[in-house]
Q: 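Okay, here's the structure, questions in a sec.
The first residue of the sequence shown is numbered 1, and numbering continues consecutively from there. Small disclaimer: the values here were computed from a predicted structure and weren't measured. Just follow the structure's listing: the first ligand is 1, and inside any ligand the first atom is 1.
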Amino acid sequence: MTPNEFASIAALMPDPFRVLWREKVSSTNDELRELAVKGMAEGLVLVAEEQTAGRGRRGAAWYSPKGESLAFSILLRPVAAKSMWSRLSLTAGLAVAEAIEKYVPLAEIKWPNDVQIGGKKIAGILVEAGADFVIVGIGINVNSGNFPEGLAATSLKAETGNEVSRAEVLLEVVKRLARHSDRIDRDFPEMLEGVKERCALTGKRVALTYSEKRVEGFIQGVGPSGELLVEIAGKLERIFQADEIRVLSE
Ligand code: BTN
């Protein structure tokens, strides 16, 4: 993203969101955390052309090819009780999926918040909380190609056959997150409907690792608090956090 491309959306951002563009950072999540700790106001969206130490969930590295992908982090200061902040993970997944649906018919959410198209990952989200803030880090494969062998990944360009404006995608995500992030303590059940409609795991047999256990189960859907409902050995379990989920069969 060139500064010009980013300048084109500045006036269209919903209040209080605003973009800060950086050529190169270690990780947009880490850089934004530093600003948050110093008291930066809610709504700053830090976009980087290049990350030298982009991070994924569970300590994985996140590679975002320069000039092709979109890497950004959004600073929120939720008014809702802290016990509800984990809901922002699904909220961000829904915002990204809906934004992607401006370009392709259906984006799926692989619980809690990977976004996929036809089983291939197109976006990853890393939500991290501080004492009085939440950072929502988002990486989207916009115009990326040449994914490593064996990686089930895709991009908007691969799906549509056209280059897509990264600035426009960023704006679409921020507009939706601005709308949904206020809903975690109000109409969360309604918002969850959007997640359920797009849940890539419902009806699938999976192997999942959680609380240091590896189990196989059948995904029944998403529960009222956003938890994953899994039938394991004939018993319905509610999983709030999992390390890894692998689909075994359709
Ligand atoms: C995942 O799928 O494991 C999550 C990937 C999150 C990547 C984004 S890119 C912008 C932000 N900065 C980071 O270091 N990570 C997130």
Q: List the atom of A97, the atom of V115, and the distance in Å for their closest heavy-atom pair.
A: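 A97 and V115 have their closest heavy atoms at CA-CG1, 4.0 Å.
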Q: Collect the protein residues that have a non-hydrogen atom under 4.0 Å from ligand 1 and hand them over in chain and number order.
A: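 Residues near ligand 1: S27, T28, N29, Q51, G54, R55, G56, R57, W62, A71, F72, S73, D114, K121, G124, I125, L126, G137, I138, G139.
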Q: Looking only at heavy atoms, which two atoms of A71 and Q51 are closest? And how far apart?
A: CB-NE2, 3.5 Å
Q: Which pairs, with at least one residue in residues 73-89 and sequence neighbours excluded, count as a side chain to side chain donor-acceptor pair (under 3.5 Å)?
A: T28-S73, N29-S73, R77-D132, S89-N113
Q: Does any donor atom in the side chain of Y210 or E237 lie under 3.5 Å from an acceptor atom in the other side chain?
A: no
Q: The criterion is salt bridge (charged side-chain N to carboxylate O under 4.0 Å, His left out); which residues satisfy it with E31, sequence neighbours excluded?
A: R22
Q: What residues form a salt bridge (charged side-chain N to carboxylate O under 4.0 Å, His left out) with R55, not counting sequence neighbours?
A: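 In terms of salt bridge (charged side-chain N to carboxylate O under 4.0 Å, His left out), with neighbours along the sequence ignored, R55 is linked to D30, E128.
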